[in-house]
Amino acid sequence: MTAPITQDVLTIPRKPPEGQKPNLIGLTRPQLRAALIEHGTPEKQARMREAQIWQWLYHWGVRDFASMTNLSKDYRAFLENRFDIRVPEVVTRQVSADGTRKYLLRIDGGHEVEAVYIPEEGRGTLCISSQVGCTLTCSFCHTGTQKLVRNLTASEIVGQVLIARDDLGDWSVPGQPKREERLVSNIVLMGMGEPLYNFENVRDAMKIVMDGEGIALSRRRITLSTSGVVPEIARTAEEIGCLLAISFHATTDAVRDRLVPINKKWNIETLLNALREYPRLSNSERITFEYVMLKGVNDSDEDARRLVKLIRGIPAKINLIPFNEWPGAPYQRSDWERIEAFADIIFKAGYASPIRTPRGEDIMAACGQLKSATERGRKSRAQIAAEAAAQPSAG
Ligand code: SAH
Ligand code: SF4
């Protein structure tokens, strides 16, 4: 097999900051218990302590040991001396006119990632990042142009969820009636990075988020989007079991090679074969095929017909994404009539074909526009001003 399709990036290993106590956020339940035992909690007590601490962290959203009132004072002091409860630092928080919230977060090493909250009728979706930057180089994606890449830890992935829930006041409050409605009701791994190139951390983070005694989001409310890392797709079904979205974007290998270069390694046929197995392995519903609409590149009637033919037999939903233009992007968004004509062909073939409404465009919160400010900081002021002026209007 050929080497992974990567650009000439600097992949930074994560260096645990010196002098810091181990962080409890991001440990899975077995890891949490092991850490408690390792630091001196008697084994007989460990299971109960694990359950108590877990509830404080992930059901009540507590961030300090002093608040864990069902633990003895001594045990709280014991924890305080040995562990931390840390989440990434919120650098900026922007709220769009349409209610979309974008968080710029700083992680260890000074790198920055973004998370975006999108409120909708009856649900709220949090779009989270799995890497700083991305080693893949999809030609329409702003994140893919970033030269700096580091995998996020499970802690940093879960941390994005905790921060959004803090900001939205989405935690249960002791003594108050149980809240059935969640503001963060859905999670999509569609921010920066390729989640399947950071499999273990993404899996552990999602295990934490799905745990019934904590945040308790059902696996059916989590969607992982991948550009098509074929060998990890079956593993996603077996070890996470969440819904899957595929960045499909083209109906011939020639065009997909150009848009999603990982296609040169695992082409359309190989990808589709892996996808056919997914619903059975994960016992889940339809797979979402994401399709970014690029003017004159992949948006013809012929493309639409080829698309439905290709995915025949796979329980699927096709999500048409109007291209989010970014400064210097080599593509343009398809005209609205073209997108509708394309959607119509798909609809007539029997597929739901929602067109994703661009959200939060005034704060550059849309898919594919996420790029860290560390990177942005290297640009001149003029460049930043030009970028701000070039924001596309909501369409
Ligand atoms: N790396 C993963 C997940 C992050 S990208 C993946 O590629 O699937 C999330 C979605 O946004 C993908 O479908 C991606 O193709 C799409 N996307 C990236 N840049 C975009 C842009 N400029 N406009 C519209 N969609 C974009
Ligand atoms: Fe990476 Fe996804 Fe962007 Fe491709 S579309 S460069 S895989 S983040």
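Both ligands and their constituent atoms are indexed starting at 1 by order of listing.
- A salt bridge between Glu302 and Arg306 is present, with a side-chain N of the basic residue lying under 4.0 Å from a carboxylate O of the acidic one.
- Within the 2.8 Å limit, Cys134 places at least one N, O or S atom next to atom 1 (Fe) of ligand 2.
- When Glu156, Glu112, Glu114 are each tested for a salt bridge (Lys or Arg N to Asp or Glu O under 4.0 Å) with Arg106, only one passes: Glu112.
- Distances below 4.0 Å separate heavy atoms of Cys141 from the following atoms of ligand 1: 18 (C), 19 (N).
- By the 4.0 Å heavy-atom criterion, His142 is excluded from the residues contacting ligand 1.
- Salt bridge Arg182/Asp170: absent, no basic N to carboxylate O contact under 4.0 Å.
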Would Thr100 and Asp98 count as a side chain to side chain donor-acceptor pair (under 3.5 Å) here? Give the steps. CA-CA 6 Å; Thr100 301; Asp98 66 14; 2.6 Å; yes
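- The distance between the ring centers of Tyr291 and Phe342 falls below 6.0 angstrom.
- With ligand atoms numbered from 1 in the order given, ligand 1 contributes 22 (N) to contacts under 4.0 Å with heavy atoms of Trp326.
- Which parts of ligand 2 touch Leu136 is read off a 4.0 Å heavy-atom cut-off, strictly below it: atoms 6 (S), 7 (S).
- Ligand 1 lies within reach of Gly191, whose nearest heavy atom is under 4.0 Å from it.
- The shortest N or O to N or O distance between Asn324 and ligand 1 is below 3.5 Å.
- Looking only at side-chain heavy atoms (C-beta outward), Met206 and Ile157 come within less than 4.5 Å of each other.
- By the criterion of a heavy-atom distance under 4.0 Å, the side chain of Glu290, and not its backbone, is placed next to ligand 1.
- Near Thr226, meaning under 4.0 Å from any of its heavy atoms, are these atoms of ligand 1: 6 (C), 8 (O).
- With a 4.0 Å heavy-atom cut-off, ligand 1 is reached by the side chain of His249 but not by its N, CA, C or O.
- Taking every heavy atom of Gly193 and a limit of under 4.0 angstrom, the matching atoms of ligand 1 come to 1 (N), 2 (C), 3 (C), 4 (C).
- The distance from atom 4 (Fe) of ligand 2 to the nearest N/O/S atom of Cys141 is not under 2.8 Å.
- Checking each of Phe323, Tyr331, Phe140, Phe289 against His249 for a ring pair (Phe, Tyr, Trp, His ring centres under 6.0 Å) leaves exactly one that passes, namely Phe140.
- Close approach of ligand 2 to Ser227 (heavy-atom distance below 4.0 Å) involves ligand atoms 7 (S).
- Tested against Phe83 for a side-chain contact (heavy atoms from CB on, under 4.5 Å), the candidates Ile53, Leu36, Asn23, Leu32 yield a single pass: Leu36.
- Checking Glu232, Glu239, Glu238 one by one against Arg203, the salt bridge (Lys or Arg N to Asp or Glu O under 4.0 Å) holds for a single residue, Glu239.
- Checking only distances, Cys134 never comes within under 3.5 Å of ligand 1, N or O to N or O.
- Heavy-atom minimum distance, Tyr278 versus Ile233: CE1-O, 3.5 Å.
- With a 4.0 Å heavy-atom cut-off, ligand 1 is reached by no atom of Thr143.
- For ligand 1, the atoms sitting less than 4.0 Å from at least one non-hydrogen atom of Ile321 are 24 (C), 25 (N), numbered in the order shown with element in parentheses.
- Not a single heavy atom of Cys138 lies less than 4.0 angstrom from ligand 1.
- The residue from Trp56, Trp54, Trp60 that alone fulfils the ring pair (Phe, Tyr, Trp, His ring centres under 6.0 Å) condition with Tyr58 is Trp54.
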